[in-house]
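Below you'll find the structure, written out as structure tokens, and then a few comments.
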Amino acid sequence: MVRVRYAPSPTGTLHIGGARTALFNYLFARHHHGRFILRVEDTDRARLVPGSEEGMIRGLRSLGITWNEGPDVGGDYGPYRVSERIHRHHEAVKQLLDQGSAYRCYCTTEELENEKKRLESLKLPPRYSGKCRLRPPDDPIFQSDKPFVVRMKVPTEGETVVDDLIRGRVVFENRILDDFVIQKSDGNPVYNFAVVLDDHDMAITHVIRGEEHLSNTPKQILIYRALSLPVPEFAHLPMILAPDRTKVSKRHGATSVEEYRAQGILPEALVNYLLLLGWSAPDETEMMTLDQAAEWFDLARVQHTAAIYDYKKLVWMNSQYMRTMSVETLIEYALPFVEARHLDLSHGPDLARTVELVRERAHTLQDLTEALAFFYERPKTFDSQGMAKHFALDATPARLRVLADRLSQLRTWDHDHLARVYDEEAQRQGIKRAALIHPTRLAVTGKTVGPGLFELLEVLGQEETVARLYDVATAIEEERLTPTP
RNA sequence: GACCCCAUGGUCUAGAGGCCUAGGACAUCACCCUUUCAAGGUGGUAACGCGGGUUCGAAUCCCGCUGGGGUCACCA
């Protein structure tokens with residue numbers, strides 16, 4: 001039975017790298033009909049951010065990623081919060097100490113820092129000297145109540161091999177590793193140590209994680225060996241880099257799942273886009289559901305190279321989803337944005353109709369909301385270039401009034417009848433139909449872009465259309481139109 | 001700096017020695033369509049980092065160089 005896990009530390013928000021790692025774990029588990037476990041890696045109590053765990057859970061769920069076991073859903077291998085497993089870590093530390101695989105180190109932070117500086121000035125790699133490793137067992141310091149850390153006794157010879165499912169055989173010389181800390185002076189385990197125990201105790205078969213962990217893997221393997229535990233399979237995923245080719249961080253703008261949601265990116269689009277960062281379907285299909293992805297997912301098809309995320313393609317993919325998903329679902333997603341925009345839906349046309357009209361030219365939910373706003377509130381400003389172009393003629397107010405007059409007489413308010421009015425009126429005045437269409441659009445929406453005029457008017461309604469045309473005609477004459485900045 | 005990973009257009013990628021005149025997607029440019037904007041259609045620009053091997057034959061295998069990334073914490 002395949003068992004994999006995603007183990008975030010609750011020190012921030014769910015960013016796209018973490019989401020992608022979780023996603024690949026989830027897909028791998030589903031593909032192999034295994035189990036996907038969520039574990040919270042809160043070994044560092046000092047850096048814990050309140051609400052972070054909840055935020056991550058919310059973020060993952062929003063993407064459609066679910067888990068079989070976790071802190072919120074329980075399971076047979078709990079607890080799923082590392083801080084609650086501390087007794088296990090202490091047991092293991094004791095075992096390592098007893099069998100001589102680890103030792104107490106009493107070196108102070110200052111000592112270590114000086115040593116490090118000294119080595120660096122000599123252009124040598126900063127490694128721990130092993131001072132306490134060499135202390136005789138009867139050294140009185142061991143009986144003292146001075147604070148200590150526990151260090152792993154790393155073999156000085158030989159090599160540790162990581163058989164990576166994605167990268168193949170990676171060899172590390174043991175002598176380049178130093179005696180790393182496995183337990184802090186406050187008694188808490190260090191990540192590299194806790195992770196081994198937890199993965200073992202939770203019967204994790206495949207450790208799938210970001211490439212930044214590859215260099216730490218030999219340390220973990222050394223711990224597995226010292227504890228006589230079976231070593232799981234490892235797979236290190238390529239990194240996701242920011243457009244400047246560096247590790248993703250806050251200064252790169254939107255990088256968290258929450259930020260993308262706030263910008264109006266649909267979770268379906270985000271998760272689909274993330275899927276394509278480092279993995280591709282056998283037939284290069286790009287738009288797919290998680291079900292399809294789970295069916296096709298294979299670590300052998302995971303890229304070795306780091307990927308740079310491309311916001312433009314994400315947005316494109318979002319627009320694809322916006323135009324193909326059901327209106328009902330789209331409205332559900334759009335509602336929070338509509339509310340934030342303070343649009344009063346009780347007076348305008350049915351949201352389903354307006355959304356249908358603008359969805360195919362919007363790229364995000366924010367665009368969408370902005371594009372349909374004029375249905376629910378009269379334009380406060382008018383596109384300045386459009387004004388110069390379509391309102392410049394002295395005849396404009398008169399033309400708008402004639403149209404308003406005729407439109408108010410219309411018995412059947414639909415696309416075809418509206419079109420006929422414009423055709424007839426253009427012919428009667430001996431002008432192009434466009435000379436009527438553009439001023440109308442600008443007068444009614446305040447913009448020069450948008451849905452086809454007749455569809456738009458049909459949905460806006462007769463009363464409102466006519467009223468706006470009269471109002472704007474007068475406003476032009478009185479020169480009290482505000483141009484859009 | 002040491003160690004480790006990686007290397008196909010601006011970006012994501014296909015490619016497991018001949019199927020490659022290197023394919024697809026986003027982006028970009030041009031044109032068409034058109035009541036605007038999108039969408040759509042057609043076409044274009046654009047890549048195997050460099051140098052050595054191996055082989056009848058290399059984007060694909062090997063070595064070196066260069067470049068990029070990651071790790072070197074009492075962070076995870």
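Per chain, numbering begins at 1; letters A, B, ... match sequence-line order.
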Original post:
Across all strands, who's sitting opposite G57(B) as a Watson-Crick or G-U wobble pair, both distances under 3.5 Å?
Top reply: none
Original post:
E115(A) has an atom CD; how far is it from atom P of C72(B), in whole Å?
Top reply: 19 Å
Original post:
Between K131(A) and E111(A), is the closest basic N to carboxylate O distance under 4.0 Å?
Top reply: yes
Subject >> Residues within residues 40-54 of chain A bordering RNA chain B, heavy-atom distance below 4.0 Å >> reply: E41(A), T43(A), D44(A), R47(A)
Original post:
Hey, would you say the Y422(A) and H417(A) ring centroids sit under 6.0 Å apart?
Top reply: no
**OP:** Could you work out the separation of A59(B) and C19(B) based on their P atoms and round it to a whole Å?
**Re:** 9 Å
**OP:** Quote, to the nearest angstrom, the C1' distance that separates A14(B) from U8(B).
**Re:** 10 Å
Original post:
Applying salt bridge (charged side-chain N to carboxylate O under 4.0 Å, His left out), which residue pairs with at least one partner in residues 46-56 of chain A are found, sequence neighbours left out?
Top reply: D44(A)-R47(A), E53(A)-R81(A)
Subject >> Gap in Å between the two P atoms, one belonging to U60(B) and one to A22(B), rounded >> reply: 14 Å
Original post:
How far, in whole Å, is G41(B) from G52(B) if one measures between their P atoms?
Top reply: 45 Å
**OP:** Answer with base, sugar-phosphate or nothing: what part of the nucleic acid does K247(A) contact at a heavy-atom distance below 4.0 Å?
**Re:** sugar-phosphate
Original post:
In whole angstrom, what separates H89(A)'s NE2 from C74(B)'s P?
Top reply: 18 Å
Original post:
Regarding R104(A) and the six-membered ring of F142(A), is the cationic atom NZ or CZ under 6.0 Å from the ring centre and inside 45° of its axis?
Top reply: no
Original post:
Does R433(A) put a side-chain nitrogen or oxygen below 4.0 Å from OP1 or OP2 of U35(B)?
Top reply: yes
**OP:** Between H304(A) and S9(A), just flag the one whose closest nucleotide in RNA chain B comes earlier from the 5' side.
**Re:** H304(A)
Original post:
Going by number, which of residues 173-195 of chain A have a non-hydrogen atom under 4.0 Å from RNA chain B?
Top reply: I176(A), V181(A), K184(A), S185(A), V190(A), Y191(A), N192(A)
Original post:
What is the distance from CG of L214(A) to C1' of A76(B), rounded to the nearest Å?
Top reply: 16 Å
Original post:
For residues 302-316 of chain A, which residue pairs qualify under salt bridge (charged side-chain N to carboxylate O under 4.0 Å, His left out), counting only residues two or more places apart or in two chains?
Top reply: E286(A)-K313(A)
**OP:** Could you tell me the separation between the CD atom of E110(A) and the C1' atom of C74(B), rounded to a whole number of Å?
**Re:** 12 Å
Subject >> Base paired to A25(B) (Watson-Crick or G-U; both N/O distances under 3.5 angstrom) >> reply: U11(B)
Subject >> F391(A): partners by ring pair (Phe, Tyr, Trp, His ring centres under 6.0 Å), with sequence neighbours left out >> reply: none
Original post:
Strictly by modelled atom types, are E259(A) and S256(A) linked by a side-chain donor-acceptor pair under 3.5 Å?
Top reply: yes
**OP:** With sequence neighbours excluded, tell me which residues meet side-chain hydrogen bond (donor to acceptor under 3.5 Å, both in side chains) with R167(A).
**Re:** E211(A)
**OP:** Just grab all the salt bridge (charged side-chain N to carboxylate O under 4.0 Å, His left out) pairs involving residues 424-448 of chain A, residues at least two apart or on different chains.
**Re:** R406(A)-E424(A), R406(A)-E425(A), D423(A)-R433(A), E425(A)-R428(A)
Original post:
On a whole-Å scale, what distance lies between the P atoms belonging to G49(B) and U13(B)?
Top reply: 15 Å
**OP:** Rounded to whole angstrom, note down the C1' distance from G17(B) over to U11(B).
**Re:** 29 Å
**OP:** Let me know the distance between OH of Y422(A) and C1' of U36(B), rounded to the nearest Å.
**Re:** 14 Å
**OP:** Applying side-chain hydrogen bond (donor to acceptor under 3.5 Å, both in side chains), name anything that partners R323(A), two or more places apart in sequence or on another chain.
**Re:** none
**OP:** Take atom P in C5(B) and the same atom in C61(B), then report the distance between them in whole Å.
**Re:** 16 Å
**OP:** Say whether H415(A) and E455(A), considering side chains only, have a donor N or O and an acceptor N or O under 3.5 Å apart.
**Re:** yes
**OP:** Return the nucleotide paired to C37(B): Watson-Crick means purine N1 to pyrimidine N3 with N6-O4 or O6-N4, wobble means G-U with N1-O2 and O6-N3, both under 3.5 Å.
**Re:** none
Subject >> Flag if over 12 foreign heavy atoms under 6.0 Å of CZ, R225(A) >> reply: no
Original post:
Rounded to the nearest Å, what distance is computed from the CE atom of residue M239(A) to the P atom of nucleotide A7(B)?
Top reply: 16 Å
Original post:
Rounding to the closest angstrom, what is the interatomic distance between A38(B) and G23(B) at atom C1'?
Top reply: 29 Å
Original post:
R169(A) has an atom CZ; how far is it from atom P of C6(B), in whole Å?
Top reply: 14 Å
**OP:** Answer yes or no as to whether A76(B) has its base stacked against H213(A), where stacking requires a ring-centre separation under 5.5 angstrom and planes under 30 degrees apart.
**Re:** yes
**OP:** Would you kindly say whether Y273(A) and E268(A) are connected by a side-chain donor-acceptor distance under 3.5 Å?
**Re:** no
Original post:
With the sugar-phosphate defined as primed atoms, P, OP1 and OP2, and the base as all remaining atoms, what B/S/- string results for nucleotides 12-17 of chain B, 5' to 3', for protein heavy atoms under 4.0 Å?
Top reply: BSSS--
**OP:** Heavy atoms under 4.0 Å is the rule here; annotate nucleotides 37-42 of chain B 5' to 3' with B where the base is hit, S where only the sugar-phosphate is, and - elsewhere.
**Re:** BBS---
Original post:
Taking only residues two or more places apart in sequence or in another chain, which ones pass side-chain hydrogen bond (donor to acceptor under 3.5 Å, both in side chains) with T289(A)?
Top reply: Q292(A)
Original post:
What is the nucleic acid contact for V358(A), judged by heavy atoms within less than 4.0 Å: base, sugar-phosphate only, or nothing?
Top reply: nothing
Original post:
With sequence neighbours excluded, what pairs up with S319(A) under the side-chain hydrogen bond (donor to acceptor under 3.5 Å, both in side chains) test?
Top reply: none
Original post:
Is the Lys NZ or Arg CZ of K146(A) less than 6.0 Å from the centre of Y106(A)'s six-membered ring, within 45° of the axis?
Top reply: no
Original post:
Expressed in angstrom and rounded to an integer, what is the separation of F454(A) atom CZ from U34(B) atom P?
Top reply: 15 Å
